[in-house]
Amino acid sequence: MTKTPARHLPLEGSFNIRDLGGYHTADGQTTLWGKVFRADSLHRLTADSQALLLKQGIRTVVDLRHASELEAAPNPFADHPEVRYLHVSLFEPLYRGGSLGGGNRAGLELTELYRLALEHARDPIARVLTVIAESDAPVLFHCTAGKDRTGLIAALTLAAVGVESDTIVTDYALTGEYARPLMAHLEAEAQAKGHDLGQYRKLLLSEPEFMQKTLEHLEAAHGSPRAYLEAIGLSEETLAGLRQQLLS
């Protein structure tokens, strides 16, 4: 009997590295294991953990964090001779355009944050999905907690190949299961910096309804996830490349 690969990769120095394989599509296919991975920040990874990721075949790492996050916690693969490392600050247009002036999310609901990103971060979203589509080896993308920026890219990647909404929502919510120790750490950091813990705790949640409402927004505003992806500039070739990467 063939053993089903693990969804979660419990590597030392990480909390939320997950394989996007094994998800069923509306047309009866299943996403391949070991092709696309989502993750939290990699800066704590031990040398052995880094080697295990390379053993998974990962040769492209896309870092979705803001420049200040990279400075505070450098990516261990940034100068790795075996890895193509790309920095694509996914929320940069929101900071630059004033939607998140000063990086302040206080009072902002996560569903609103995701909607803002979908509309104002079209170029970086398209760039990341194109990188995934054009890669000839497994890809890993990540942010800090592996929840918001990573969650959006994961959702759009899965939607692009026909994975249904309920499954995408379930995948998003898994962060609540795997990243509890990380969230506790981030909460302690926020408390030390004097942040409003009540508001900050809301930003650490990954409740299913956050992604459900985001997908409903895509349907209402654009007709479908595919229509949205076409609207932000993904070509038929790129969309076919995503299917090739995840389904073939």
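Note that this is a predicted model, so its numbers are computed, not measured. Start at 1 with the first residue, then count along the sequence.
Checked options Arg18, Lys147, Arg7; the residue passing with Asp171 is Arg18 (criterion: salt bridge (Lys or Arg N to Asp or Glu O under 4.0 Å)).
When the shell of 6.0 Å around NE2 of His24 is examined, it contains 12 or fewer heavy atoms from other residues, nucleotides or ligands. The neighbour count for Glu237 CD, taken as heavy atoms of other residues, nucleotides or ligands under 6.0 Å away, does not exceed 12. When the shell of 6.0 Å around CD of Glu82 is examined, it contains more than 12 heavy atoms from other residues, nucleotides or ligands. Shown here is Glu209, whose CD atom has more than 12 heavy atoms of other residues, nucleotides or ligands within 6.0 Å. Counting non-hydrogen atoms of other residues, nucleotides and ligands closer than 6.0 Å to CG of Asp79 gives a total of 12 or fewer.
Taking hydrophobic clusters as Ile, Leu, Val, Met, Phe, Trp and Tyr residues chained together by side-chain heavy-atom distances below 4.5 Å, Trp33 does not share a cluster with Val161. Residues Val131 and Leu129 fall within the same hydrophobic cluster, defined by Ile, Leu, Val, Met, Phe, Trp and Tyr side chains chained together at heavy-atom separations under 4.5 Å. Grouping the Ile, Leu, Val, Met, Phe, Trp and Tyr side chains by contacts below 4.5 angstrom, directly or via other members, places Leu247 with Leu242. Both Ile153 and Leu239 belong to a single network of hydrophobic side chains, linked directly or stepwise wherever heavy atoms of I, L, V, M, F, W or Y lie under 4.5 Å apart. By the rule that hydrophobic residues join a cluster once side-chain heavy atoms approach within less than 4.5 Å of another member, Leu86 and Leu90 end up as members of one cluster.
Listed by chain and number, the residues in a side chain to side chain donor-acceptor pair (under 3.5 Å) with Thr157 amount to none (sequence neighbours excluded). Applying the side chain to side chain donor-acceptor pair (under 3.5 Å) rule to Thr46 yields the partners Ser49; only residues at least two apart in sequence or on another chain are considered. Legend: residues meeting side chain to side chain donor-acceptor pair (under 3.5 Å) with Arg180, ordered by chain and number and at least two apart, are absent. His222 meets the ring-ring contact (aromatic ring centres under 6.0 Å, His included) test with Tyr228; sequence neighbours excluded. Residues meeting the side chain to side chain donor-acceptor pair (under 3.5 Å) test with Asn75, sequence neighbours left out: Asp63, His142.
A salt bridge between Glu119 and Arg115 is absent, with no side-chain N of the basic residue lying under 4.0 Å from a carboxylate O of the acidic one. Using a cut-off of 4.0 Å between Lys/Arg side-chain N and Asp/Glu carboxylate O, Arg127 and Glu134 are scored as not salt-bridged. With respect to the salt-bridge test (charged N to carboxylate O, under 4.0 angstrom), the residues Glu109 and Lys213 do not qualify.
Annotation: side chain of Ser235 is not in contact with side chain of Glu230 (no heavy-atom distance under 4.5 Å). Counting heavy atoms from C-beta on, the side chains of Leu110 and Leu113 come closer than 4.5 Å. Two residues are said to be in side-chain contact when any heavy atoms from C-beta on lie closer than 4.5 Å; Val163 and Thr25 meet this criterion. Arg243 places a side-chain heavy atom less than 4.5 Å from the side chain of Gln29.
Here Ile17 is tied into one hydrophobic group with Leu9, Leu11, Phe37, Leu42, Leu45, Leu52, Leu53, Leu54, Ile58, Val61, Leu70, Phe77, Val83, Tyr85, Leu140, each link being a pair of ILVMFWY side chains closer than 4.5 Å.
To the nearest 0.5 Å, atoms CG (Asn16) and OG1 (Thr144) are separated by 11.5 Å. With values rounded to the nearest 0.5 angstrom, Thr60 atom OG1 is found 12.5 Å from Phe141 atom CZ. Atoms CG and OG1, on Leu116 and Thr111 in that order, are 9.5 Å from each other to the nearest 0.5 Å. Note that CG of Asp19 is 10.5 Å distant from NZ of Lys35, once rounded to the nearest 0.5 Å. Atom OG1 of residue Thr175 and atom CZ of residue Phe15 lie 13.0 Å apart, to the nearest 0.5 angstrom. One finds the CZ atom of Arg38 at 8.5 Å from the CG atom of Leu158 (value rounded to the nearest 0.5 Å).
Closest approach of Ala137 and Gly57 over heavy atoms only: CB-O, 4.0 Å. Minimum heavy-atom separation, Arg65 to Pro74: NH2-C, 4.3 Å. Taking all atoms of both residues into account, the shortest heavy-atom contact from Leu182 to Ala145 is CD2-CA, 3.6 Å. Closest of all the heavy-atom pairs between Leu229 and Ala160 is CD1-CB, 3.5 Å. The two residues Ser206 and Gly176 have their closest heavy-atom pair at OG-N, 3.0 Å. Ala117 and Phe91 make their closest contact through CB-CE2, 3.5 Å (heavy atoms, listed as atom of the first residue, atom of the second, distance).
Under the 3.5 Å distance criterion, the side-chain polar atoms of Thr150 are matched with a main-chain donor or acceptor of Cys143. The backbone N or O of Thr130 sits nowhere less than 3.5 Å from a side-chain atom of Thr238 that would complete a donor-acceptor pair.
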Evaluate the criterion side-chain contact (heavy atoms from CB on, under 4.5 Å) for residue pair Gln245 and Ile132; output intermediate values, then yes/no.
-> CA-CA 8 Å; Gln245 176 77 315; Ile132 296 170; 4.3 Å; yes
Derivation of the side-chain contact (heavy atoms from CB on, under 4.5 Å) call for Arg84 and Arg59 | CA-CA 6 Å; Arg84 178 192 182 202; Arg59 291 299 180 271; over 6 Å; no
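Under 3.5 Å, the side chains of His43 and Ser41 contain a donor-acceptor pair of N or O atoms.
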